[in-house]
Amino acid sequence: MVKVDSSFTQFLERLQQVIARLDLFPGWRPRKVRTLCGVDVSYQDRKAVAAAVLWSVEEGKIVEISQYRGEVSFPYIPGYLFFREAPLMIAAVKQLRLEPQLLLVDGHGLAHPRGAGLAVFVGLLLGRPTLGMAKSLLVGRIGPQKNSLAPISLKGKTVGFQVSPAIGRNYYVSPGYLVSVPDLPRITRMIGSSYPEALKEAHRISKVAVKSS
DNA sequence: GCGACAG
DNA sequence: ATCTTGTCGC
């Protein structure tokens, strides 16, 4: 794994700051969400496998799967996850034959120290509506819960929500691309409120794939 | 300086 | 994330 000097992380920070100034979340309000695409990455040493799982909401089943095998040389550093995982995730999604309506990325989007987490980069570079969905908080404070949703506030702004499903652990959702913070509650409800099956499957499939390689 | 810290 | 056995609980 390469050593990462501060000049390089400073460069990545500048990149995130520039991206964060763009108009990333103008709002996306579909009448219906028919297909989701869960994206996740698993590792075994430097070997990595990204899985993209296209999921039909109405049928409740997998429609298409794609995997991308690669090598990582950049370490995990909180706040710079995009540089490690975005290339793999993007490659996996691009291999899909069908075009997903909404991407679900395992990681934060707006709920990031510089407002530009992994989900922002994946969504922006693929040009698709995207949500960041993380299993734990990176930054921000949790506000009062209302209807199983509690705002994540950062510097006085709401950057996402903590979701407390009827079943399972809490998770965190924030805008990745196109979807705005005010639209988050509605979109989250449309796809079911509990941790998405598309992401569970992407996690399982990438894990199995990296072990058998 | 100290603590926190997606996957 | 990954390394790892048994074990507590529904």
Need one value for A/Asp40: base, sugar-phosphate or nothing, where a base atom within 4.0 Å counts as base even if backbone is also close, heavy atoms only.
sugar-phosphate
Identify which nucleotide among B/dG7, C/dC3, B/dC5 has an atom closest to any side-chain atom of A/Gln44, counting heavy atoms from C-beta outward.
C/dC3
Qualifying residue for side chain to side chain contact (heavy atoms under 4.5 Å, CB included) with A/Leu118, from A/Glu85, A/Arg84, A/His108:
A/Glu85
Say whether A/Tyr171 and A/Gln162, considering side chains only, have a donor N or O and an acceptor N or O under 3.5 Å apart.
no
Parallel, tilted or perpendicular for A/Phe82 and A/Phe121, by the 30°/60° rule?
parallel
Length of the line joining A/Leu88:CG and C/dA1:P, which is rounded to integer Å
15 Å
Rounded to whole Å, CZ of A/Arg114 lies from P of B/dC5 at a distance of 16 Å
Is the shortest side-chain N/O distance from A/Lys135 to OP1 or OP2 of B/dG7 below 4.0 Å?
yes
Send over the distance from A/Ile205 CD1 to C/dA1 C1', rounded to a whole Å.
18 Å
Within the structure shown, what part of the strands sits under 4.0 Å from A/Phe83 by heavy-atom distance: base, sugar-phosphate, or nothing?
nothing
So, is A/Ser136 close to the B/dG7 phosphate, meaning a side-chain N or O under 4.0 Å from OP1 or OP2?
yes
Under 4.0 Å: is that the gap between some side-chain N or O of A/His203 and OP1 or OP2 of C/dA1?
yes
How long is the line joining CG of A/Leu81 and P of B/dG7, in whole Å?
8 Å
Between A/Asp23 and A/Pro26, which heavy-atom pair has the shortest distance, and what is it?
O-CD, 4.0 Å
Centroid distance below 5.5 Å plus an interplanar angle below 30 degrees: do A/Tyr43 and C/dA1 meet both conditions?
no
Kindly check if the number of other-residue, nucleotide or ligand heavy atoms within 6.0 Å of CG (A/Asp5) is above 12?
yes
Please determine if a side-chain N or O atom of A/Tyr172 lies less than 4.0 Å away from the OP1 or OP2 oxygen of B/dA6.
no
Separation of A/Arg84 atom CZ from B/dC5 atom P, in whole Å?
19 Å
Quick one: label A/Gly132 by what it contacts on the DNA or RNA (base, sugar-phosphate, nothing), any heavy atom closer than 4.0 Å.
nothing
Can you check the A/Leu154 CG to B/dA6 C1' distance for me, whole Å?
14 Å
